[in-house]
Protein chains: 2
Amino acid sequence: MRIGELARELGVSTDTLRFYEREGWLPRPVRAENGYRSYRSDDVEHLRLLLNLRRIDLPLEEAARLASWCHAGHCETTSSSLPALIATRRSDVRARIDELRRLDERLDELQAHLVGRTELSVIGPSTSCCSAAAAIFDAVEGSCRCCAVANAEGDA
Amino acid sequence: MRIGELARELGVSTDTLRFYEREGWLPRPVRAENGYRSYRSDDVEHLRLLLNLRRIDLPLEEAARLASWCHAGHCETTSSSLPALIATRRSDVRARIDELRRLDERLDELQAHLVGRTELSVIGPSTSCCSAAAAIFDAVEGSCRCCAVANAEGDA
DNA sequence: TCTTGACATTGGAGTCACTCCAAGGTCTAG
DNA sequence: CTAGACCTTGGAGTGACTCCAATGTCAAGA
């Protein structure tokens with residue numbers, strides 16, 4: 001099996017495979033007569049394991065170490081620490097989800113603010129109030145001191 | 001205002017501020033007699049705007065460009081494209097959240113699997129079935145062909 | 001036979017957004 | 001006089017790729 005085929009099958013780029021090999025995260029496959037890499041089923045399994053560990057967002061170094069151990073048959077040595085590792089990973093993932101949700105809320109707020117303001121954006125650049133800059137400032141900061149003023153002006 | 005004070009106030013590192021300046025993302029502040037950077041309120045506002053744009057995960061280049069425009073008073077020029085930009089950003093954020101949620105599910109699965117298996121992990125390193133490797137393989141891949149066998153062995 | 005095109009090889013540089021470091025200068029309080 | 005907190009610079013390191021140029025290999029078609 002050549003590098004391109006393997007890459008396609010496992011959904012990574014050939015650059016990634018060569019990078020893993022170059023940095024020592026994967027064993028070097030044997031070479032064909034023409035110098036091309038020739039991957040055996042053993043190599044494929046090792047890589048698949050590594051990629052699965054990457055899929056749960058382990059840092060490459062950790063994923064590679066674990067993949068090598070498991071592949072070498074030392075799995076049981078590491079299996080006791082594995083649940084702890086997974087637990088840590090989960091709480092990281094959850095924290096990141098929460099963070100992104102808060103970001104989404106801020107964006108929602110900002111969007112609503114901007115949509116409401118678009119008609120009023122004829123206010124010239126010299127007016128700092130309710131300009132896009134002020135909107136970003138205020139919506140992102142969580143308070144909007146410019147709206148009341150602008151609305152009052154609009155109503156007048 | 002010196003660099004350390006500003007960094008503390010806005011919650012970034014002095015390295016970050018020097019980096020922004022060095023790469024041209026922020027205008028150079030004036031210098032005091034001793035060569036120290038001396039930030040004016042104008043600089044602070046500009047930086048605050050940039051950091052707010054970074055907080056909504058805009059790439060630094062885009063955030064810096066937008067911050068400079070807004071700060072220079074060209075806000076209204078950009079305000080029409082801003083809602084579109086925010087919308088794009090939101091869909092990116094949502095996609096990432098979904099991705100992380102799926103990851104969390106896979107981790108949940110894997111964790112359940114491992115907890116169920118810990119007692120059985122006396123199976124030696126030579127046995128590839130139901131080793132940690134197999135668990136990672138199978139739980140991550142979504143199917144587990146090893147459990148039935150291992151459980152049968154365990155029951156026997 | 002020749003050519004085209006898809007594949008492979010290598011080393012090295014670029015990406016992003018910082019982060020850390022060493023070696024030194026400046027200032028204030030005790 | 002000294003300790004400690006601040007500041008300066010340029011340069012290297014981080015993670016995980018990604019892209020590139022220059023070159024080699026090979027099978028299929030004209």
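First the proteins, then the strands, lettered A, B, ... as listed; each starts at 1. Worth knowing before you read on, the calculation uses all heavy atoms, side chains too, and leaves out hydrogens, waters and symmetry mates.
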Closest approach of S38(A) to P29(A) (non-hydrogen atoms, all atoms of both residues):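 Between these two residues, the closest heavy atoms are O-CB, 3.7 Å.
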Least distance between heavy atoms, L103(A) atom then I56(B) atom: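 Heavy atoms of L103(A) and I56(B) come nearest at CD1-CA, 3.4 Å.
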Whole-Å gap separating [atom2] ([N]) and [atom1] ([X]):
X: W25(A); N: dA16(D); atom1: CH2; atom2: C1'; value: 11 Å
X: R18(A); N: dC17(D); atom1: CZ; atom2: C1'; value: 13 Å
X: L17(A); N: dA8(C); atom1: CG; atom2: P; value: 10 Å
X: R65(A); N: dG15(D); atom1: CZ; atom2: P; value: 13 Å
X: L26(A); N: dC17(D); atom1: CG; atom2: C1'; value: 14 Å

Inter-end axis angle, the helix from dT1(C)-dA30(D) to dG30(C)-dC1(D), with every axis fitted to five base pairs (rounded, 10 degrees):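 Taking the rotation axis at each end, their angle is 10°.
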Nucleotides 11-21 of chain C: protein proximity per nucleotide (B base, S sugar-phosphate only, - neither; heavy atom, under 4.0 Å): BB----BBBB-
Point-to-point distance, once rounded to the nearest 0.5 Å, from CZ of R31(B) to CZ of R37(B):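 Answer rounded to 0.5 Å: 4.0 Å.
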Straight-line distance of T14(A) OG1 to R8(A) CZ, nearest 0.5 Å: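 That separation rounds to 9.5 Å.
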R96(A) vs E99(A), salt bridge (Lys or Arg N to Asp or Glu O under 4.0 Å): CA-CA, chis, key distance, verdict: CA-CA 5 Å; R96(A) 182 63 181 146; E99(A) 212 174 288; 2.7 Å; yes
Presence of R2(B) side-chain N/O under 4.0 Å of dC6(D) phosphate oxygens OP1/OP2: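 Answer no for this pair, as no side-chain N or O of R2(B) is under 4.0 Å from OP1 or OP2.
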DNA chain D-proximal residues of residues 30-44 of chain A, any heavy atom under 4.0 Å: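 Only N34(A), Y36(A) qualify.
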Any L47(A) side-chain heavy atom under 4.5 Å of L51(A) side chain: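 A side-chain contact under 4.5 Å exists here.
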Minimum side-chain heavy-atom gap R18(A)-S13(A) below 4.5 Å: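 Sidechains of S13(A) and R18(A): no contact.
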Donor-acceptor contact present, side-chain R54(A) to main-chain L58(A), <3.5 Å: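 Here the side-chain-to-backbone pair exists.
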Side chain D98(B), main chain A95(B), donor-acceptor under 3.5 Å: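 No.
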Salt-bridge present (R48(B), E45(B); N to O < 4.0 Å):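 A salt bridge is present here (some side-chain N lies under 4.0 Å from a carboxylate O).
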Salt bridge present between D57(B) and R89(B) (N-O < 4.0 angstrom):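 Salt bridge: no.
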